[in-house]
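The next block holds one structure in the form of structure tokens; read it before the comments.
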Amino acid sequence: MCYIRTDGAEVRKQGGLIPADAWLGLARELLDAGTLFLLLTGGEVFLYPEFRFLYENLVKMGFVLTINTNATLIDGDTVNWLKQFPPKCVSISLYGASNEAYGALCGKTGMFDRVDRAISLLQSAGITVECKTLLTPLNVQEMQPCLDYCRERRIPCELASYAFPPARKTGNRAQVRFRPAEAARCQLEIDRLMSSTEEFEQNIRSYLEKYEAGRRQPGTQQQGLSCAAANSSCWISWQGHMTPCAMLNEPYTLPFQQGFSAAWEALKVKADALLLSPECSFCEKRSVCTVCPAASAAETGAICKASRYHCEMTDALISDMKRYAEAHHLEWRNTVP
């Protein structure tokens, strides 16, 4: 993932990169099983030595492809090549809207200019682009500039304030991210900037109504995954581990050894056995808290433990919304059944 860099020696130690021909063999099994959409991500996909060969053959198989990239390696030659086999979308991680912002977060100078040029080239070629920005204390001031940049270019923009801990990172696990209350405050500001006042206030009403309704209903033990993970989607790592989602290391199966269909069926059984912690499942804030098994595992090291980060973030979000509602005379309590 984006916050992990594995050097060549470590990659070789872990078995090396899987060759494109092997990926294509697995892709044929995916196709036979009815798969249509593939997301190619990393790391940085354009660093994979056989990326063009792999991509072209996936297109010829009929897959609808999305590419995740930081766009710093996309030049005119790359865009001319992509024009022959346009993806459904190129999804770009946008770390800021200036070279200074990129320098502060990534430690590299001149990177925004490269990303900006890549976006211009892609748009000129008629290739669909979207941007996603993860905000941290080092680039939070880029919230409005990133929105302005994308709006000027008519590019869909998604901002987020919650960063998963580096669950797969070895060695130093230090990470720059918001404290829980800061993440909540930032998320509320993102919602405000991306909505009209009417929409923003309606979102607050809906959230608080959902919270109050959830408090009055008994919780149930959450089993399995309630999202698309291991229901209609999966992730396959560079090492060949198939997991329910990008943020879960376990459970996993081995599609290269087992075959995709067998690995998929085994993964569904394992995913169905996952249990969110009773503390989370029966919490009065469960209806509005965003915690999930993957977040619990990343935050605590175990799916069955409660994430204190999410507890504090949800508490802060509820408090911030209540303060806004009271200050702006929004009625919401009386609308709850």
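Just so you know, these numbers come straight off a predicted model, no measurement behind them.
- Side-chain contact between Thr253 and Trp264 is absent, with no heavy atoms from C-beta onward closer than 4.5 Å.
- A 4.5 Å side-chain heavy-atom check between Leu40 and Asn68 finds every atom pair outside the cut-off.
- Val129 and Ile67 fall within the same hydrophobic cluster, where Ile, Leu, Val, Met, Phe, Trp and Tyr residues are linked whenever their side-chain heavy atoms come under 4.5 Å apart, directly or through other members.
- In this structure, the side chain of Arg308 does not engage the main chain of Cys311 through any donor-acceptor pair within 3.5 Å.
- Taking 4.5 Å as the limit, every side-chain heavy atom of Leu38 sits out of range of all side-chain heavy atoms of Thr66.
- Across every non-hydrogen atom of Ala263 and Leu254, the tightest pair is CB-C, 4.2 Å.
- Taking the six-membered ring for Trp and the full ring otherwise, the centers of Phe63 and Phe37 sit at least 6.0 Å from each other.
- Within 6.0 Å of atom CD in Glu250, 12 or fewer heavy atoms from other residues, nucleotides or ligands are found, so the atom counts as exposed in its surroundings.
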Exercise for the section: Evaluate the criterion side chain to side chain contact (heavy atoms under 4.5 Å, CB included) for residue pair Val79 and Ser124; output intermediate values, then yes/no. Expected result: CA-CA 9 Å; Val79 172; Ser124 295; over 6 Å; no

Practice task
Please report the C-alpha distance between Met321 and Tyr211 in whole Å, then the side-chain angles of each, then the deciding distance to 0.1 Å, and finally whether the side chain to side chain contact (heavy atoms under 4.5 Å, CB included) criterion is met.
Solution key: CA-CA 11 Å; Met321 286 192 177; Tyr211 164 62; over 6 Å; no

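- Within the 4.5 Å cutoff, the side chain of Leu58 has no heavy atoms near those of the Trp23 side chain.
- With hydrogens and angles ignored, the 3.5 Å screen pairs a side-chain donor or acceptor of Asn99 with a backbone N or O of Asp113.
- Using a 4.5 Å cut-off on side-chain heavy atoms (C-beta onward), Arg28 and Met61 make contact.
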Handout entry: side chain to side chain contact (heavy atoms under 4.5 Å, CB included) between Leu122 and Thr128, worked out
Key = CA-CA 7 Å; Leu122 288 165; Thr128 301; over 6 Å; no

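- Going from atom CD of Gln141 over to atom CE of Met143 covers 9.5 Å, rounded to the nearest 0.5 Å.
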Exercise for the section: Could you go through the side chain to side chain contact (heavy atoms under 4.5 Å, CB included) check for Ser261 and Glu265 one step at a time? Expected result: CA-CA 6 Å; Ser261 292; Glu265 294 302 322; 5.6 Å; no

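- Salt-bridge annotation for Arg323 and Glu326: absent, with no side-chain N of the basic residue lying under 4.0 Å from a carboxylate O of the acidic one.
- Taken from CG in Leu147 to CE in Met194, the straight-line distance is 5.5 Å, to the nearest 0.5 Å.
- The shortest distance between side-chain heavy atoms of Asn249 and Thr243 does not fall below 4.5 Å.
- By the rule that hydrophobic residues join a cluster once side-chain heavy atoms approach within less than 4.5 Å of another member, Phe53 and Phe85 end up as members of one cluster.
- The pair Arg153-Asp116 meets the salt-bridge criterion, with a side-chain N (NZ, NE, NH1 or NH2) lying under 4.0 Å from an Asp/Glu carboxylate O.
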Practice task
Decide yes or no on salt bridge (Lys or Arg N to Asp or Glu O under 4.0 Å) for Lys132 and Glu130, but give the supporting numbers first.
Solution key: CA-CA 7 Å; Lys132 296 182 179 180; Glu130 68 177 14; 3.7 Å; yes

Problem - Worked verdict on Tyr48 versus Trp238 for ring-ring contact (aromatic ring centres under 6.0 Å, His included) - result: CA-CA 10 Å; Tyr48 182 62; Trp238 68 272; over 10 Å; no

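- Side-chain atoms of Glu50 come within 3.5 Å of backbone atoms of Ala20 as a donor-acceptor pair (strictly under, hydrogens ignored).
- Open room surrounds NZ on Lys88; 12 or fewer heavy atoms of other groups in view lie less than 6.0 Å from it.
- Here the side chain of Asp191 pairs no donor or acceptor atom with the backbone of Cys186 at under 3.5 angstrom.
- Note: Tyr324 and His328 have parallel aromatic rings, judged against thresholds of 30 and 60 degrees for the angle between ring planes.
- To the nearest 0.5 Å, atoms NE2 (His241) and CG (Leu267) are separated by 12.5 Å.
- The shortest heavy-atom contact between Ala104 and Leu138 is O-CD1, 3.9 Å.
- Residue Val291 is not grouped with residue Leu248 when hydrophobic side chains (ILVMFWY) are merged at heavy-atom distances under 4.5 angstrom, including chains of intermediate members.
- The SG atom of Cys283 lies 10.5 Å from the CZ atom of Arg215; values are rounded to the nearest 0.5 Å.
- Taking CD1 from Ile318 and CD1 from Ile204, the interatomic distance works out to 13.0 Å, rounded to the nearest 0.5 Å.
- Between Tyr252 and Trp235, the ring centre distance reaches or exceeds 6.0 Å.
- Glu142 places a side-chain N or O within donor-acceptor distance of the main-chain N or O of Ala97, the cut-off being under 3.5 Å.
- Applying side-chain contact (heavy atoms from CB on, under 4.5 Å) to Ser161 and the options Arg185, Gln187, Met313 leaves one that passes, Gln187.
- Shortest non-hydrogen contact noted between Leu121 and Gly76 is CD1-N, 3.7 Å.
- Ser287 contributes a side-chain N or O that, together with a main-chain N or O of Lys210, makes up a donor-acceptor pair within less than 3.5 Å.
- A 4.5 Å side-chain heavy-atom check between Ser296 and Cys304 finds every atom pair outside the cut-off.
- Taking the six-membered ring for Trp and the full ring otherwise, Trp332 and Tyr207 have centroids separated by 6.0 Å or more.
- Using a 30° and 60° split on the angle between ring planes, Phe51 and Phe46 fall in the perpendicular class, above 60°.
- Centroid-to-centroid, the aromatic rings of Tyr162 and Phe164 come within less than 6.0 Å.
- A donor-acceptor pair shorter than 3.5 Å cannot be found between the side chains of Asn70 and Tyr95.
- Between the side chains of Glu201 and Thr197, not a single donor N or O lies within less than 3.5 Å of an accepting N or O.
- Distance check, rounded to the nearest 0.5 Å: OG1 of Thr133 to CD1 of Ile190 gives 9.0 Å.
- Checking Asn203 against Glu199 by side-chain atom types alone, no donor-acceptor pair falls below 3.5 Å.
- Of the possible donor and acceptor atoms, one in the side chain of Glu182 sits under 3.5 Å from a partner among the backbone N and O of Arg179.
- Side-chain atoms of Thr35 do not come within 3.5 Å of backbone N or O of Leu31 as any donor-acceptor pair.
- No more than 12 heavy atoms of other residues, nucleotides or ligands sit less than 6.0 Å from atom CZ of Arg117.
- Summarising the geometry of Ala181 relative to Ala316, their closest heavy-atom pair is CA-CB, 3.8 Å, with the distance given to 0.1 Å.
- Both tests pass for Arg177 against the ring of Tyr309: distance under 6.0 Å to the centre and angle within 45° of the axis.
- With hydrophobic clusters built from ILVMFWY side chains whose heavy atoms lie under 4.5 angstrom apart, Leu134 does not share a cluster with Ile155.
- Using a distance-only test at 3.5 Å, with no hydrogens or angles considered, a donor-acceptor pair links the side chain of Glu29 to the main chain of Phe260.
- When atom types are taken as modelled, the side chain of Asn231 and the backbone of Leu225 share a donor-acceptor pair closer than 3.5 angstrom.
- Ser277 approaches Lys305 most closely through the heavy-atom pair CB-C, 3.9 Å.
- Closest approach of Ala229 and Pro244 over heavy atoms only: CB-O, 3.3 Å.
- When side chains are defined from C-beta on, Tyr149 counts as touching Leu94, because their heavy atoms get closer than 4.5 Å.
- Counting heavy-atom neighbours within 6.0 Å of Glu198 CD, excluding the residue itself, gives a total of 12 or less.
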